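Values below: every heavy atom of this structure, side chains too, minus hydrogens, waters and symmetry copies. Treat the numbers as computed from the prediction; the structure is a model and nothing was measured.
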Amino acid sequence: MRKALRWLLSLVVLTGTMAATGATAGAATAAEPDIKDRILAIPGVSLIAEKPYNGYRYFVLSFTQPVDHHNPYRRATFQQRITVLHKDTDRPTVMYTSGYEVSTNPSRSEPTAIVDGNQVSVEYRFFPQSRPTPTDWSKDDIWQAASDQHAIFQALKPVYAKNWLTTGASKGGMTATYYKRFYPRDMDGVVAYVAPNDVVNNEDSAYDRFFRTVGTKECRDKLEGVQRQALVRRAPLEKKYQEYATANGYTFATVGTLDKAYEAVVLDYVWGFWQYHLLAECDTLPADPEHATDQAIWDSVDTISGFSFYTDQGLAPYTAYYYQAGTQLGSPTIKQPWLGNLSRYGYQPPRNFVPRDIPMRFQPWAMRDVDSWVKHHADHMLYVYGQNDPWGAERFSLGAGARDSYVYTVAGGNHGSKVALLAAEQKAAATSAILRWAGVGAGTVRPTFDAKLDTSPSLHEPTLHP
C-alpha cells in the first residue's frame, strides 16, 4: 500500500512538473520579443520613428555603416537611414532603393505588393541625411554602396529568414543590379525598372538615334520648336530668370553663371518630356512655338525641366549622384542638331554640377565590368523598360550566360514603366518569376491594391538624371 501511495505521489509530482514545464514553454512563446525589440536588438540599429499603418508595422531607422567597407574596423562611420515595412517574418522581404534619399512615409514597391511581403528601404550613401562629416567622396562608389546593402541584409536576415528580392527604378534599378553583381548570393531575385547602362561613356549615338524616331514627327517638331525659341529668346527669358532667382534667393556658384544654368535647363527639355510624359500629352505643348508668348515658352520649359534645378540650392541634394555620374556611372551627351548654333555649351558634364572642391576622376572600367557580368552571369534578374523613355536607349541586355532572367518593354511607356503595364503575356511571365524567386506560389498570394501604400512617389523630378 505504501509503495502504491509513493508511486501515485511520484506520478502526481511528475505530471505537475511536466505541466509546469509546458506552461513555462507556452509563456516563453507568448512572450516572444516584439518585432521592434528584435530589430532594435541588432547592433548598429537605432529608432528614429515608428509610424502606425493598418496591417503593418513601419519603422524609420538609423544603421551604422563604415565609411570604407574595405577597412570596416576603422573608427570612421556614418548613420544610414533605412525603413522597415513589417508584414510578417513568415513572408518574403524586398530590399528597395531609389538610389537617392529614402522616403520616411510607408509605401510598397511593386514587387513587395506582388509577393505580399516585408520591405526594407535603403537610402543611398552620402545623400544629405546619410552623409559622414567630413566626407571622403572617394568612398561614394558602387561597390561601397553594394556593401552597405550587404551589411543591412546580413543584419536583418536572422529576423526575416524567408527569401529576399531587391528592386528599384532608374538609379535604383542600377543600384539593385550592382548589388547583385558584387554580392550575387544575397538576393534570390532582382527586379530592376528603367535602369540605364552607360557602358562606354563617350559613345552616346544610341540616344541620338532614339530622339530621331521617338513618338511622332508632329510631337518632336513641337518640342524642338519650344526648345529653339527658349534659346532664340535667351535675353528676355534670362532677365526673367534673374528676377525669379533673386525673388527665391537662388545662386549659381556651382554651375558658374546664370547663363550656363539657363541653357542646362533648356537642353533638358526634350529629354525631360519623353522621360516623364506620354505621347498623348503632346497636346499640352505650345502648338505654334514661334508665335507663342515669352510666358508660354517659359511655362512649358519650367513645367518639364524646372528652372530651379541648376541653381546651387537645386543641385545640393544631388551632389552624391553627380559625383557618381562623373566618376563611374557615366552620363549621356546628345547632339540635338535642331538647335544649330544656338547652344553655347552643349550638354554639360557632371563635373559642372559638383562643387569644385570635390575632386573627380572617371573610371571607365566600372560600367564595362557590370555590363559583362550581367551578360554572362545574370541569374533571377528581371528588367522592365519603357519604349519612349530616353534612358532605355542604353539598357542592360542578357547574353548566353544568363539564367532565368528577362528583359521586357512597355509599349509607349515612359520612365514610370512597370510590370503591371506590360502586355498580358509578359506581365504574367514577369509576375510568375517574381513569385517563384520569392519562394511563394501564385495561388498562395492574394495581394490587394492599397491606394496609399501602392501609389509610388512620382519619379518626375525636373532635371535630367535617372
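For the pair Thr167/Tyr193, a side-chain contact is recorded, criterion being any heavy-atom separation below 4.5 Å from C-beta on. Looking at heavy atoms from C-beta onward, Cys219 lies in side-chain contact with Leu223 at the 4.5 angstrom threshold. Residues Val266 and Gln227 meet the side-chain proximity criterion, which asks for heavy atoms closer than 4.5 Å. When side chains are defined from C-beta on, Arg228 counts as touching Leu339, because their heavy atoms get closer than 4.5 Å. Contact of the Ile48 side chain with the Arg81 side chain is registered, since non-hydrogen atoms from C-beta on lie closer than 4.5 Å. Residues Pro92 and Val440 are in side-chain contact: their nearest non-hydrogen atoms beyond the backbone lie under 4.5 Å apart. Counting heavy atoms from C-beta on, the side chains of Ser372 and Asp369 never come closer than 4.5 Å.
Between the CG atom in Asn54 and the CG atom in Asp450 there is a gap of 8.5 Å [rounded to 0.5 Å]. Atoms CD and CG, from Gln229 and Leu342 in turn, are 9.0 Å apart once rounded to the nearest 0.5 Å. In this structure, Asp204 CG and Thr333 OG1 are separated by 5.0 Å, a value rounded to the nearest 0.5 Å. Note that CD of Gln324 is 9.5 Å distant from CH2 of Trp137, once rounded to the nearest 0.5 Å. Between the CG atom in Asp454 and the OG atom in Ser107 there is a gap of 8.5 Å [rounded to 0.5 Å]. With rounding to the nearest 0.5 angstrom, the CG atom of Asp198 is 11.5 Å from the CZ atom of Arg368.
Annotation: side-chain contact (heavy atoms from CB on, under 4.5 Å) contacts of Asp186 (sequence neighbours excluded): His150, Phe153, Tyr179, Tyr183. Listed by chain and number, the residues in a ring pair (Phe, Tyr, Trp, His ring centres under 6.0 Å) with Phe63 amount to none (sequence neighbours excluded). Residues passing the side chain to side chain donor-acceptor pair (under 3.5 Å) test with Gln336, sequence neighbours excluded: none. Under the ring pair (Phe, Tyr, Trp, His ring centres under 6.0 Å) criterion, Phe78 pairs with Phe126, sequence neighbours left out.
Residues Glu110 and Thr112 bring no donor and acceptor atom of their side chains to less than 3.5 Å of each other. Between the side chains of Asp404 and Trp437, at least one donor N or O lies within less than 3.5 Å of an accepting N or O. For the residue pair Gln149 and Ser147, no side-chain donor N or O sits within less than 3.5 Å of a side-chain acceptor on the partner. For the residue pair Thr177 / Arg181, no side-chain donor-acceptor distance below 3.5 Å is found, with atom types taken as modelled. Of the N and O atoms on the side chains of Gln80 and Ser130, not one donor lies less than 3.5 Å from an acceptor on the other residue. Neither side chain, Ser308 nor Gln313, offers a donor N or O lying under 3.5 Å from an acceptor on the other. One side chain, Asp148 or His69, offers a donor N or O that lies under 3.5 Å from an acceptor on the other. Side chain to side chain, Tyr347 and Ser331 fail the donor-acceptor criterion of an N or O pair below 3.5 Å. Between the side chains of Tyr160 and His86, at least one donor-acceptor pair of N or O atoms lies under 3.5 Å.
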Test ring-ring contact (aromatic ring centres under 6.0 Å, His included) on Tyr178 and Trp143; report intermediate values, then the result. CA-CA 7 Å; Tyr178 308 151; Trp143 182 84; over 10 Å; no
Derivation and outcome, side-chain contact (heavy atoms from CB on, under 4.5 Å), residues Asp259 and Arg344: CA-CA 9 Å; Asp259 189 48; Arg344 296 173 181 170; 2.9 Å; yes
Could you walk me through whether Thr311 and Phe252 pass the side-chain contact (heavy atoms from CB on, under 4.5 Å) test, one step at a time? CA-CA 5 Å; Thr311 64; Phe252 301 95; 3.7 Å; yes
Could you go step by step and tell me if Gln348 and Tyr310 meet the side chain to side chain donor-acceptor pair (under 3.5 Å) rule? CA-CA 11 Å; Gln348 297 177 55; Tyr310 289 105; over 6 Å; no
After noting the C-alpha distance and the side-chain angles of Asp268 and Ser305, does the key distance pass the side chain to side chain donor-acceptor pair (under 3.5 Å) rule? CA-CA 6 Å; Asp268 280 358; Ser305 299; 5.6 Å; no
Pair Tyr385, Val410 - check side-chain contact (heavy atoms from CB on, under 4.5 Å), show working. CA-CA 6 Å; Tyr385 290 97; Val410 174; over 6 Å; no
The test is side-chain contact (heavy atoms from CB on, under 4.5 Å); show your working for Thr93 and Lys162 and say whether it passes. CA-CA 7 Å; Thr93 300; Lys162 300 298 183 180; over 6 Å; no
Tell me, with the steps shown, if His380 and Ser405 meet side chain to side chain donor-acceptor pair (under 3.5 Å). CA-CA 5 Å; His380 294 184; Ser405 296; over 6 Å; no
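Using bins of under 30°, 30° to 60° and over 60° for the plane-to-plane angle, the ring pair Tyr244/Tyr241 lands in the parallel bin. Using the six-membered ring where Trp is involved, Tyr100 and Tyr318 have ring planes that are perpendicular, over 60° apart on the 30 and 60° scheme. Between Tyr322 and Phe309, the two ring planes are tilted [angle within 30° to 60°].
Within a 6.0 Å sphere centred on CZ of Arg185, heavy atoms belonging to other residues, nucleotides or ligands number 12 at most. Atom NZ of Lys239 has 12 or fewer neighbouring heavy atoms from other residues, nucleotides or ligands inside a 6.0 Å radius.
Using a 4.0 Å cut-off between charged nitrogen and carboxylate oxygen, Lys139 and Asp136 count as a salt-bridge pair. Using a 4.0 Å cut-off between charged side-chain N and carboxylate O, Lys375 and Asp371 make a salt bridge. Salt bridge Arg125/Asp140: absent, no basic N to carboxylate O contact under 4.0 Å. We find that Arg234 and Glu263 are joined by a salt bridge, their nearest charged nitrogen and carboxylate oxygen being less than 4.0 Å apart.
In terms of heavy atoms, Ile304 sits closest to Gly272 at CG2-C, 3.7 Å. Taking every heavy atom of both residues into account, Asn201 and Gly330 meet most closely at OD1-CA, 3.1 Å.
Remark: Lys87 qualifies as a cation-pi partner of Tyr56 under the 6.0 Å distance and 45° angle criteria applied to the six-membered ring. For the pair Lys171 and Tyr321, the cation-pi criterion (under 6.0 Å, within 45° of the ring axis) is not fulfilled.
Outside the 6.0 Å centre-distance limit, the rings of Tyr383 and Tyr408 are not counted as a close aromatic pair.
Of the candidates Trp271, Trp274, Phe273, Trp271 is the only one forming a ring-ring contact (aromatic ring centres under 6.0 Å, His included) with Phe211.
Pairs passing the salt bridge (Lys or Arg N to Asp or Glu O under 4.0 Å) check and including a residue from residues 278-292, sequence neighbours excluded, do not occur.
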Show me, pair by pair, the donor-acceptor contacts under 3.5 angstrom made by side chains of residues 356-364, not counting sequence neighbours?
from   : atom 1 : to     : atom 2 : distance (Å)
Arg356 : NH2    : Asn352 : OD1    : 3.4
Gln363 : OE1    : Gln328 : NE2    : 2.9

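At distances below 3.5 Å, not a single donor-acceptor pair connects side-chain atoms of Arg209 with backbone N or O atoms of Thr213.
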